[in-house]
Amino acid sequence: MAGEKEIKEIYENGMKILEELTSNAHEIQEQMLEEILIRNAGTEYLSRFFVHGQNHKQNFKTNVPIVSYEDIKPYIDRIANGETSSILFADPITQFIQSTGTSEGKPKLIPMTAESFEKRMIKPLLVDLVMKKCISGLDQGKSFYLFFVKPEMETPSGLMASLYTTSYFKTQIFKNGLAKFCTSPIDTILCLDNKQSMYCQLLTGLLLRDEVVRIGSSFASVLARSIKFLEDYWKELCSNIRTGYLSDWIADPACRNAMSSILTRPEPELADLIQQICEDKSWEGIIKELWPEVKCISSIVTGSMSQYIPLLEFYGGGIPLVSPNCGSSEACFGINLKPLSKPFDVSYTILPNMAYFEFLPVNNDGGGMSHETTTVNKPVDLANVKIGRYYEVVVTTLAGLYRYRVGDVLKVTGFYNKSPQFQFVERQNVVLSIDLDKTTEVDLSKAITRAKLVLEPLGIMLTTYSSYADTSLTPGRYVLFWELKMKGSNDVPKLDAKIMEECCGIVEESFDFTYKSLRKAGVISALELRVVKHGTFDELMDFYVSKGASISQYKPPCCLKSEEAVKLLNSGMVGTFFSPKTMF
């Protein structure tokens, strides 16, 4: 593989390479764009925009439009159906990456070449080097990462489509590199049955508990789900450890074979210790109790994953939460060079060799109360972003995406050498809408963050939430689903109606002028809050996974569009509360 030499160099000189990348960020960006244009100016897509072959960089920015997925979907569909990949890119496209976002309910297909795939494999190596440099002891044990795969899909062209992580876990680079430092055997990671995979990975993590120095997953939602799985299965896991025998329902041959080299003998003392820890009514600090040598919890906890921060801090017992990197299916953005930053203070540093980046200024004031994120002025390049400003990311990649709007909004917080640093801002897409009101994901997040402060002094935690616009009645109303737990146990808290109604009121007070005006006029009815029992949102995750979502990249829906999903959450409801009928 052409990338193996580069991989070896990163292991040996990774921090030096990072310094060179960030110190020469602008030059690297210009070289990348020039190379992309030289290679691909003759493709069907780009040739339309260059008169008489004038494909220099300024013509690119003047002539080539900024596009969304729907604009280039017809070209991608043609390649997926068997036409030549030179429609978009001169080099052959070797596979498609399935995004976690959707187009008309289906995953987007992002083209990938051998070169672009190899380049993306650099990022986890750089992340690992930075973390080991900043957190002592990570090189003296194993990492307990919960990794999962999803079945690949063959397109009519014969090219395969899969999640990036699924493809990455199958590479020799992973198997011969990072996988050797993980507790989970590769066959348990590659098992397509998520339940069997999670059980075996947890069992291995417990058996090797004294060697574990790092726990992690791709997204915080996966860790939260894994802890709930542990709550449900710790007795059976202890039984396996006590007897030295793997449960019969683990039927995957590769999993059973892999576990046979780890679960080799009865360990009753270890089983008794784990049982004693798990029998405690409160699971506060459970991660620290079960894995005493852990130095950090590594998982993306920014953006929509930030709702899991209180839960992971509760279970972590003071273990630092590290949000290591930021990116999308379309491109890698950057990595966290200060991994011990507090979760809400995390900034990522752009890696200028991953894509050509442009930044569209947006009218976001940081308050999250604008109805939509609209662009203002022209896009700027990496060298001309301003600290404190908000931008939507536009990428031109090594695999046929040209001036492509990813949809993510970033706030520039500074520079590392000459490479911008940014905070990830939740997307400003409208999630709730009745009449003229358009409430965004950020609006809702800010409002709920304010409201839950009322619960914290009572020892009540909001673990997960979602919402939907109920227009089955007139006037319609916004409905929130909250899953709550006591800090001292998993019992459903005793719900004081006045307190919960106060929460409803705070949410409504946090919404904008349009919402309040429509509410006052009776066009929108009082907000409703439905509290669901512990584990209901895990059932929602299982529901979406059964419909084709990936457990490893699951992002809880901020707003529900599926009637089945609403029905599922309603089935777990233990209390319902309303704002006062007249508020404004």
Side-chain angles (χ1 to χ4, degrees), residues 220-221 223-225 227-235 277-287 289 306-318 444-468 470 477-511 525-542 556 558 560 565-583:
S221 58
L223 278 182
R225 179 68 180 92
I227 293 170
K228 177 59 172 62
F229 191 94
L230 182 61
E231 289 176 1
D232 294 337
Y233 284 92
W234 69 262
K235 292 182 180 178
I277 293 170
C278 293
E279 281 180 337
D280 196 319
K281 187 175 182 181
S282 172
W283 273 33
E284 185 171 3
I286 188 75
I287 294 176
E289 292 291 322
S306 63
Q307 64 175 284
Y308 291 102
I309 291 173
L311 190 67
L312 293 183
E313 288 180 335
F314 174 77
Y315 288 127
L444 187 59
S445 175
K446 297 283 186 182
I448 290 174
T449 297
R450 286 186 59 196
K452 72 177 184 179
L453 294 176
V454 175
L455 303 176
E456 290 180 1
L458 304 175
I460 300 174
M461 296 176 61
L462 171 62
T463 61
T464 326
Y465 69 84
S466 192
S467 64
Y468 83 104
D470 184 1
R477 63 161 50 92
Y478 295 157
V479 177
L480 305 182
F481 290 99
W482 284 11
E483 184 173 314
L484 304 173
K485 75 181 292 291
M486 297 299 299
K487 286 188 176 180
S489 72
N490 289 325
D491 298 336
V492 176
K494 292 182 180 179
L495 303 174
D496 183 294
K498 289 185 178 180
I499 294 293
M500 301 312 296
E501 288 168 7
E502 182 182 353
C503 290
C504 294
I506 292 173
V507 171
E508 287 199 298
E509 285 282 1
S510 301
F511 288 160
S525 190
L527 179 138
E528 181 181 359
L529 171 56
R530 300 175 187 174
V531 178
V532 299
K533 65 184 179 182
H534 182 60
T536 303
F537 272 86
D538 291 312
E539 294 177 19
L540 182 68
M541 182 178 185
D542 293 339
C558 179
L560 301 172
V566 172
K567 184 178 179 180
L568 188 154
L569 291 186
N570 280 335
S571 69
M573 189 167 59
V574 294
T576 183
F577 307 91
F578 296 86
S579 292
K581 290 185 177 180
T582 57
M583 283 191 63

State, yes or no, whether a side-chain contact exists between Asn570 and Phe481 at a heavy-atom distance under 4.5 Å. yes
Name every donor-acceptor pair, under 3.5 Å, that has one atom in a side chain of residues 450-459 and the other anywhere in the protein, sequence neighbours excluded.
{"from": "Arg450", "atom 1": "NH1", "to": "Ser510", "atom 2": "OG", "distance (Å)": "2.9"}

Would you say Leu495 and Leu484 make side-chain contact, with heavy atoms under 4.5 Å? yes
In this structure, are over 12 heavy atoms from other groups packed under 6.0 Å from Lys228 atom NZ? yes
Any side-chain heavy-atom pair from Ile287 and Ile227 closer than 4.5 angstrom? yes
Is there a side-chain contact (heavy atoms from CB on, under 4.5 Å) between Met486 and Ile460? Walk through the geometry before answering. CA-CA 5 Å; Met486 297 299 299; Ile460 300 174; 3.7 Å; yes
Intermediate values then yes/no, side-chain contact (heavy atoms from CB on, under 4.5 Å), Leu444 and Leu480: CA-CA 10 Å; Leu444 187 59; Leu480 305 182; 3.8 Å; yes
Let's go through Arg530 and Leu569 carefully: what are the C-alpha distance in whole Å and the side-chain angles of both, what is the deciding distance for side-chain contact (heavy atoms from CB on, under 4.5 Å) to 0.1 Å, and is it a yes or a no? CA-CA 9 Å; Arg530 300 175 187 174; Leu569 291 186; over 6 Å; no
Parallel, tilted or perpendicular: which fits the ring planes of Tyr478 and Phe511, with parallel below 30° and perpendicular above 60°? perpendicular
Kindly give the heavy-atom pair with the smallest separation between Leu311 and Met461, and that separation in Å. CA-CE, 3.6 Å
With heavy-atom distances below 4.5 Å as the criterion, would you say the side chains of Met541 and Phe537 are in contact? no
Do Trp234 and Ile277 come within less than 4.5 Å of each other through their side chains, counting heavy atoms only? no
Rounded to the nearest 0.5 Å, how far apart are CD of Glu483 and CG of Asp538? 6.5 Å
Hey, what do you get for CG (Leu529) to SG (Cys504), rounding to the nearest 0.5 Å? 4.5 Å
Where is the tightest heavy-atom contact between Leu568 and Leu540, given as atom of each residue plus distance? CD2-N, 3.8 Å
Using every non-hydrogen atom in the two residues, find where Trp283 and Phe314 come nearest and quote the distance to one decimal. C-CE2, 4.0 Å
Identify the two heavy atoms, one from Gln307 and one from Tyr465, that lie closest to each other, and give their separation to 0.1 Å. OE1-N, 3.3 Å
Counting N and O atoms only, with roles assigned by atom type, does the side chain of Arg477 sit under 3.5 Å from a partner on the main chain of Asp470, one being a donor and the other an acceptor? no
Of all heavy-atom pairs between Gly572 and Thr536, which one has the smallest distance, and what is that distance? CA-OG1, 3.9 Å
Ile448 versus Trp482: any side-chain heavy-atom pair under 4.5 Å? yes
Between Phe578 and Ser525, is there a side-chain heavy-atom distance shorter than 4.5 Å? no
Give me the atom names and distance for the closest heavy-atom approach of Pro556 to Ser221. CD-CB, 4.3 Å
